[in-house]
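Take a look at the structure below.
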Amino acid sequence: MMYLSVGGILGCFVVPYMVRTFGYKRSFQLSFSACLISTLGLFLTVTQYSPLVNVWTFAIGTVISIPFTLLVAYICDCFETQVLGTASGIAWGFGRIFAAGAGLATGPIIAYFGGSYGTAAACVELVYIVGVIAAFWAEDFSTCVETRTAAAVALTRTNPIVVPVSIRD
Amino acid sequence: MAHNTLIKAPRTTTSTEQALENAAPMVEAKANRLQKWHALAATYLGECFDAMDATIYFIALVPAMSELLKTKDATTIGFYGSIVLAVFMVGWALGSVLFGMVSDRFGRVKTMMWTILLYAGASGLCALAHNWQELAICRFFVGLGIGGEVSIGCVLLGEAWSGDRAKKLWAMSFMQTSFGVGCILTGLFNLGSGEFGWRYLFLVGIVPALITFYNKEKSQRTSQRRNNAGETKKGRSSQCRQEFLDNGVDWRKSQTHYYLHVNGRLSNRWILGWGVVDSRLDQSTYWCTGC
């Protein structure tokens, strides 16, 4: 857990550079790909305990923290204040429901692969591919701002602002 | 219309008043800067202890479940342990959505304080569990609070640092390091627990409740400052909603409109959010291995 955590701390600091260099879309795709490679590397290459486990654990900790941090910043950029809490709750936290399913399904999956935990875990990690594909539809920050501006204009047109009449001097 | 006939006397300002008026924007700017750092500190501590309370279970799993189930059988411990873990995850998922909505309605700081109190209190109650069902119920509430705190915390920080995009990204990246720090803290508490056992570890989970005092104190100061500046006590989101209403815009209608029509690509963002699910899957899978 220590290797995972220290890797995670370092991974967070990579994010600002990634976003500045690649933008959100490419950063998401790169980080998901890195997560896929590192987890497959751990679960498919390590058959017994060795120092190599710690190296892989550190690598996984580093790359896993990147999508977390990216998504936090991305959500805040892409949603209006009025719905930001709900948006964050759904996009950022509700995914845990699948983690709950994965926890319960671990036993049957291991049994399906003939008792091989490594293969079963590697199979679960393939879900990163969903992230890589979904990132193709991600909007980079500048696009988000334009969309929000267009949204504000459209909203104003459909709901003309009525300035409340107040008593003035 | 009687007030229209009133003749107001011209208001004279002294040099002291003018100086105060000139200094007001600078004082406000300094207060805003401080508020940013307080938001960073509060969310950092909140998420740090989130991580701590979330990972305590992975350390306490075997000793706690073997004592509560009165067995040493690894299969039985693994089976019931994974049920408790799943219940915790479900609580997390529900809490993030539920408290996210609550924070939009009643304000971020207040909701975040309640979520912290919830997960800290429930974590402490885990220490008093007599059987695995009680532990599962307590862990559900821990998950509920943590889920809410994590989703509100990042939003709160994003709003506090909304001025400069680059600085906001750095602030959020720094805040995210708190999860790793929290995991390390759990490890250190475990090393220090010695003979005390798993119940002691869960009791340590009450510590985050102290952050609420920090949050409360800072939010009271902010409210006081806003009152001095002639603003309302409502949260930022409530103020935005009030502005909608004041401008004759139907809040609910506009919200639905915004969700479904204006922001046509919204669904892609949700999908991307779901894509990040795999990170959590991976972490939970990894934790399940006992690493």
Side-chain angles (χ1 to χ4, degrees), chain A residues 1-2 5-6 8-9 12-13 15-16 19 28 35 39 57 64-65 67-69 71-73 76 78 81-86 88-100 102-104 106 121 124-125 127-128 130-131 134-135 137-139 147 151 154-155 158-159 161-162 164 167, chain B residues 3 82 85-86 89-90 92-93 96-97 99-101 103-104 147 150-152 154-155 158-159 169-170 172-173 176-177 179-181 183-184 187 236-237 240-241 246-249 254-255 257-258 262-263 265 268-285 288 291:
Chain A
M1 192 179 275
M2 286 290 180
S5 305
V6 174
I9 291 167
C12 291
F13 290 114
V15 172
V19 173
F28 271 120
C35 289
T39 48
T57 306
I64 278 177
S65 62
F68 275 82
T69 312
L71 190 66
V72 170
C76 288
C78 285
T81 304
Q82 297 95 318
V83 294
L84 200 49
T86 313
S88 171
I90 295 173
W92 167 243
F94 196 68
R96 288 279 175 186
I97 207 98
F98 291 103
L104 290 175
T106 307
V124 172
E125 303 312 331
V127 76
Y128 279 116
V130 176
W137 285 276
E139 297 166 52
T147 312
L155 203 62
T158 50
N159 300 289
I161 291 172
V162 180
I167 300 165
Chain B
H3 65 280
S82 61
L85 178 63
M89 294 290 182
V90 169
W92 187 315
S96 59
V97 178
F99 285 112
M101 291 165 77
S103 74
D104 280 338
V150 166
S151 56
I152 297 167
C154 65
V155 168
E159 287 177 344
L169 198 56
W170 273 107
M172 295 192 121
S173 302
Q176 284 300 307
T177 61
F179 204 88
V181 173
C183 293
I184 292 170
R236 189 176 163 184
S237 55
C240 291
R241 190 164 51 251
D246 288 345
N247 292 333
V249 178
S254 62
Q255 194 181 22
H257 178 73
Y258 192 85
V262 181
N263 211 341
R265 293 185 180 180
N268 301 334
R269 295 173 198 168
W270 298 129
I271 292 167
L272 192 64
W274 294 105
V276 179
V277 161
D278 44 19
S279 296
R280 283 86 194 277
L281 273 176
D282 177 67
Q283 245 185 13
S284 61
T285 313
C288 285
C291 293

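FYI, side chains are in, hydrogens and waters are out, and symmetry mates aren't considered; it's all heavy atoms of this structure. Numbers restart at 1 for each chain; the letters A, B, ... are given by sequence-line order, proteins then strands. Bear in mind that the values here come from a model prediction, so they are computed numbers and not experimental data.
Between the CD1 atom of Ile90(A) and the CE atom of Met101(B) there is a distance of 7.5 Å, given to the nearest 0.5 Å. Within the model, atoms CH2 of Trp170(B) and CZ of Phe13(A) stand 7.0 Å from one another, a figure rounded to the nearest 0.5 Å. Atom CG of residue Asp104(B) and atom CD of residue Gln82(A) lie 8.5 Å apart, to the nearest 0.5 angstrom.
Of all heavy-atom pairs spanning Ser88(A) and Cys154(B), the tightest one is OG-SG, 3.6 Å. Nearest heavy atom pair, residue Met89(B) against residue Ala100(A), reads CB-CB, 3.5 Å. Nearest heavy atoms, Val15(A) versus Ser173(B): CB-OG, 3.9 Å. Among all heavy-atom pairs drawn from Met2(A) and Gly187(B), the shortest one is CE-CA, 4.3 Å. The minimum heavy-atom distance between Ala73(A) and Met172(B), with the atom names listed, is CA-SD, 3.6 Å.
In this structure, the side chains of Thr69(A) and Thr177(B) stay at 4.5 Å or more apart for every pair of heavy atoms.
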